[in-house]
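Right, one structure below, let's go through it.
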Amino acid sequence: MRPPFFIGACLVFWGFMTEIPAAGIAAACILESSFLMKRKKEFTLAEYTTLSDLSTILVIVSLLLMMLTYEREDIIFNFFKWYPAAVFPIMIAQYYGHDEKVIIATRFGKKKRSAPFMHKPLTITPHYAAICVLSAAIYNNRTPLFFIGTVVLVVWGLWTFPSRRYSVPARIGVAILILIAGILIHNGYDYTRRWMWDQFMDYARNHRFRSFRGDVSHTSIGDLGKIKQSDMIVLRVTPKQKGAPFYIRRNTYSIYRRESWYVPKIEQKALVLSDDAWEVIETTEPNNIREMSIQAFIPSGRRRYIPIPRGAYSITKLSVADLSRDEYGTLSFLEGPSFADFTVEYSFDIAFEGLPKVDDLSIPPNEKRVFQTVAQNAGLMTATTAQEAVDLVERFFQDYFSYSLTQEQVPKGMTPLENFLTRRKQGHCEYYATATVLLLRTAGVPARYVTGYYVSEYSKFEKKYIARVRHGHAWVTAYVGGKWIEIDTTPPAWFTEEDRNANSILRPVKDFFSYIRAQYLLLSTTKSDVLNRYLAIAVAALAAFLVYRIYRRARKKPAFERVKKRYPGMDSLFYSVEKQLMQLNIPRPGHMTLQRWLYLLKERGVLTDTSTLETLLRLHYRLRFDPKGLTDEEYNEFVKLAKEWLLSFQNSVKKT
Amino acid sequence: MKRRMYATYRRTYGLKQRFYGLLTPQGRFLAIFMFFCMIVGSDTRRTIIYQISAILFALFCVAWLINLRFKGRFSVMRIMPKSGIVGEPLRYRIVVENTKKGTEKGLLWQEHPYDPRPTLHEFLSRREPKEHKRNAYDRLFGYYRWLWLIKENIGAQYPVNPLPDLMFSHPESIDAEFIPLRRGYIRLQGIRVMLTDPFGVTLRSVVISSPVSVLVLPKIYPVVPFAAKGVRKYQEGETALIRKVGDSEEFLSIREYQPGDPLKKIHWKSFAKRGEPMVKETQDQFASRYALILDTFSPHGEDVVFEDAVSAAASFVASPHEPDSLLDLLFVGPEAYCLTCGRGTADYMYLMEILACVHPAVDTSFSMLYGHVVQHLNNVSGCIVVLLTIDDDRAALVRAIVGRGIPLELYLCVEDSSEAQKVIERYALGTHVKILEHASLAKGLLS
């Protein structure tokens with residue numbers, strides 16, 4: 001049973017919550033005024049299909065329009081805001097149709113003559129109510145009215161459930177109880193979620209889950225076998241001045257624990273946007289100003305880190321809701337796209353990585369002994385200046401170490417770094433960067449671990465410098481002579497080695513698709529008005545074409561209905577008699593036999609004598625279902641009787 | 001793979017039934033919606049979907065707590081017919097008594113069948129109708145086969161009905177019905193008495209044991225009588241079968257014993273007088289005996305064509321017969337069967353029961369039926385053969401029957417008659433075959 005005015009209430013609620021009350025009220029009026037119709041329409045399968053397809057088109061068109069009109073982050077909110085309106089046509093069938101249940105069907109993807117794909121009949125009122133409430137919730141209108149309104153709608157929707165066990169006051173009491181319990185759970189929900197998230201993150205940190213957060217970098221130190229990374233392009237750089245290769249930073253870390261690097265809790269400074277430019281650092285005109293455009297995929301996470309060159313002081317055309325810089329000079333945002341296109345101005349003369357802290361000198365206790373020994377052997381302990389220590393470390397790795405992507409089993413009792421430094425002397429950039437940081441720290445030089453990309457590959461096709469996933473690199477920043485300098489101790493052969501390792505014949509194809517994807521993302525993030533106009537025309541044309549096709553189909557009976565089988569007696573005059581009897585305002589439900597209906601009409605006093613009708617019905621049944629059918633005489637008598645009855649009935653109607 | 005999937009389906013079905021046992025249909029809808037909101041709305045900063053899940057969670061908690069109080073005790077008795085027909089409502093009465101003090105109001109009840117989960121053997125051996133048309137993935141995982149087997153084992157649609165108010169020690173009689181969906185035995189464990197919360201989202205149930213079995217017969221249609229076309233034939237050694245009618249007991253003479261005469265034919269009085277064994281000769285025994293041969297070698301398992309064939313066979317069994325005729329039902333199940341009824345041998349209901357429970361033959365070949373039929377042809381006056389398809393073996397069987405001059409009615413059950421005619425022409429069986437199309441089975445049997 002349908003709760004009275006329930007769907008109307010849901011639509012009004014949706015309208016007010018999503019700040020389009022007029023739409024909500026109008027839709028509610030349309031649906032709820034269906035009770036004014038005395039006779040409901042009997043929808044055919046073709047009509048159900050048309051309405052379903054119309055809803056589908058509206059959903060697709062609204063999504064396309066949202067994509068054209070809004071920024072990527074707002075698309076989903078606005079799409080769901082209008083979603084109840086998009087699927088409204090099928091609700092028309094539910095409320096204005098004769099059947100309790102509607103058929104969701106589609107002919108998209110079906111051949112012309114075949115029947116449509118269809119779901120078994122169902123009452124979609126609860127589904128639509130759920131869509132309305134969900135749509136209101138996604139719009140994120142944080143008022144207490146949402147909570148109260150939802151409780152009222154839930155109780156309203158369930159009120160019609162017949163219960164002889166519970167009185168109305170008892171049910172109202174239970175509804176109030178639900179409201180109170182809901183408030184308690186609601187208040188605890190957010191707190192619990194935050195608590196669980198923190199617990200999960202702690203667990204993840206301690207158990208070395210692969211990171212999806214930028215403030216933890218789980219290295220491949222200690223992993224066995226050969227490392228093979230993806231060829232996917234993640235960064236595109238167009239420098240204004242020559243000077244490749246470029247080191248593009250993503251994050252800086254200072255705490256090393258169990259083969260992972262962590263960012264300690266450091267201060268985040270919110271940056272200010274002025275004239276479409278984010279001012280990363282307050283500076284007057286610096287020397288050696290350089291500029292580059294960057295297009296980058298930003299990995300997901302609680303904070304999203306932006307790849308920038310060292311010394312960046314101004315970023316333009318970056319469309320994010322917020323941007324902050326931490327003490328290490330790393331830029332990140334909370335809300336923004338997963339693809340960014342921006343221009344950055346930088347100068348190596350500017351240093352804003354803060355002063356060294358205790359963390360910049362910390363060495364894990366289990367590595368201390370090894371690093372002291374190695375530092376002593378390399379002569380680091382006798383270095384008088386930080387610069388001398390840096391030179392010694394660079395020479396140390398240059399003389400005795402080589403690059404390798406393959407790692408073997410670490411002997412028992414040794415850490416992977418100890419194995420790297422004392423035994424194997426081969427490794428990839430994470431080994432070199434980590435070992436360099438810890439060696440410098442052993443020598444008393446503050447140092448940090450930096451991750452990012454080493455950009456040196458030039459794409460002739462795109463006419464840009466590109467960086468792939470496997471160009472991800474780790475290096476070191478050390479505090480020397482009162483400023484932070486960058487040190488890369490990884491043997492220069494690493495880039496060639498990586499390239500050889502990842503050589504694939506499909507690379508040009510992959511690169512092409514990567515380019516297409518980047519262009520699409522670029523368009524969706526930086527929409528131009530001209531493009532929008534063309535796309536809007538294309539969408540409108542597409543919608544018009546689809547609606548025209550549906551309209552044509554609605555006018556023309558589909559093939560699967562046209563070839564309906566004819567049975568004997570389907571042209572029986574009794575159907576005209578039945579049509580006349582329908583006017584007597586005693587409806588005949590689908591399950592009621594004609595015989596029973598006649599009895600009912602007589603019992604209710606609508607018809608005084610049904611003997612002729614009974615004779616007609618008997619002959620009609622024989623005409624329809626008896627394999628022998630009627631004889632010619634019987635058929636003539638049947639036709640005569642039916643015509644007489646119809647005439648007398650019409651006369652009596654005219655008189656009354 | 002199927003064994004692993006079977007274990008998974010079995011466990012999942014158990015969980016699903018527990019879920020279904022705790023929630024009403026609207027409760028299930030809301031529970032799914034709640035879980036959806038919990039997942040989608042996990043980020044409480046972006047949307048307020050979490051508020052919906054909080055409200056629904058509160059609703060379920062309150063409803064569950066309210067239902068906890070229900071601890072009803074009842075006794076049930078069913079007054080049921082012995083059999084029903086597929087697709088026809090089976091009407092019966094149940095008498096429910098509240099055996100706990102107080103009055104129970106607003107309860108619901110539903111029939112509770114035995115655990116419908118199929119055994120591993122069933123899952124591996126039975127094939128869903130039209131399974132051959134499913135894609136390789138579906139055939140490999142057998143999910144649709146599992147669903148079909150569950151539906152088959154449940155066997156009927158059991159509606160949820162309200163119970164009247166039940167006062168302590170006041171039995172209430174209720175009219176009930178359900179619609180059997182397949183033939184064979186339907187076994188019910190008891191009835192499930194349920195209470196819902198004030199908003200009808202959660203359920204608390206008590207299962208009252210009351211085991212019962214009902215035989216569901218195949219659909220029966222009127223058929224053209226066959227008996228008139230047959231002839232009476234000598235039925236050797238079937239005195240018992242024709243004791244009541246006909247000329248079986250007519251005494252003819254006494255003669256000397258010849259080796260091979262059955263002992264029961266010895267005339268003991270003459271033996272005593274003559275001192276040598278004498279046997280009595282009776283007039284030859286004649287009776288009309290018809291064979292109803294059912295082809296159970298379904299190429300596609302238990303599909304509609306097989307069901308039509310069983311229905312057709314049942315319709316012949318249920319049709320009026322000559323009073324002195326015998327009817328043999330020949331078919332192959334796990335082994336070859338010949339079951340006889342009529343003239344006091346067995347009730348026709350017995351054959352109906354057998355037909356209600358017949359399944360397609362698995363792991364046996366059609367030659368088994370061929371040999372079995374040929375053995376019986378000497379005794380029969382006429383044959384009704386219901387085939388599922390026509391191929392070399394089946395055509396050979398038909399020719400064997402026709403070759404012996406035995407009147408034959410041959411029915412071929414098909415889903416769509418368009419292809420059948422060509423096959424019949426290919427095997428030159430045209431004059432004998434009546435095609436029973438699925439859509440017009442009743443008409444076909446009457447023609």
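Throughout, a chain's letter reflects where its sequence line sits, starting with A, and its residues are numbered from 1. Side chains included, hydrogens not; waters and symmetry mates left out as well; all remaining heavy atoms used. Since the model is a prediction, treat every value here as computed from it, not as a measurement.
Using a 4.5 Å cut-off between heavy atoms, Asn141(A) touches chain B through its backbone atoms (N, CA, C, O) alone. Within the 4.5 angstrom heavy-atom criterion, atoms from both the backbone and the side chain of Val151(A) approach chain B. Looking at Asp165(B), both its backbone and its side chain come within 4.5 Å of chain A, counting heavy atoms on both sides.
Few gaps surround OH on Tyr166(A); more than 12 heavy atoms of other groups in view lie less than 6.0 Å from it. Other residues, nucleotides and ligands contribute more than 12 heavy atoms inside 6.0 Å of the CE atom of Met38(B). In the displayed structure, Trp159(A) atom CH2 is contacted under 6.0 Å by more than 12 heavy atoms of other residues, nucleotides or ligands. In the displayed structure, Tyr144(B) atom OH is contacted under 6.0 Å by at most 12 heavy atoms of other residues, nucleotides or ligands. Around atom CZ of Phe57(B), no more than 12 heavy atoms belonging to other residues, nucleotides or ligands sit under 6.0 Å away. Other residues, nucleotides and ligands place no more than 12 heavy atoms under 6.0 Å from the NZ atom of Lys130(B).
The candidate from Leu195(B), Leu56(B), Leu107(B) with the greatest count of non-hydrogen atom pairs under 4.5 Å with chain A is Leu195(B). Note on Ala137(A), Pro627(A), Gly157(A): by heavy-atom pairs under 4.5 Å with chain B, the leading option is Ala137(A). The choice from Ala136(A), Gly188(A), Ala170(A), Pro126(A) that makes the most heavy-atom pairs within less than 4.5 Å of chain B is Pro126(A).
Listed in order of number, the residues of residues 174-183 of chain A that approach chain B to under 4.5 Å between heavy atoms are Val174(A), Ala175(A), Leu177(A), Ile178(A), Ala181(A), Gly182(A). Scanning residues 23-37 of chain B against chain A with a 4.5 Å heavy-atom cutoff picks out Gln26(B), Phe29(B), Leu30(B), Phe33(B), Phe36(B), Cys37(B), ordered by number.
The distance from atom CZ of Phe147(A) to atom CD1 of Ile52(B), rounded to the nearest 0.5 Å, is 11.0 Å.
Side-chain contact between Val40(B) and Leu134(A) is absent, with no heavy-atom pair separated by less than 4.5 Å. No side-chain heavy atom of Thr196(B) sits less than 4.5 Å from a side-chain heavy atom of Arg165(A).
Here the closest non-hydrogen pair linking Arg142(A) and Tyr50(B) is NH1-OH, 3.8 Å.
Remark: Phe13(A) engages Phe146(A) in a ring-ring contact (aromatic ring centres under 6.0 Å, His included) (not counting sequence neighbours). Remark: Arg182(B) engages no residue in a side-chain hydrogen bond (donor to acceptor under 3.5 Å, both in side chains) (not counting sequence neighbours).
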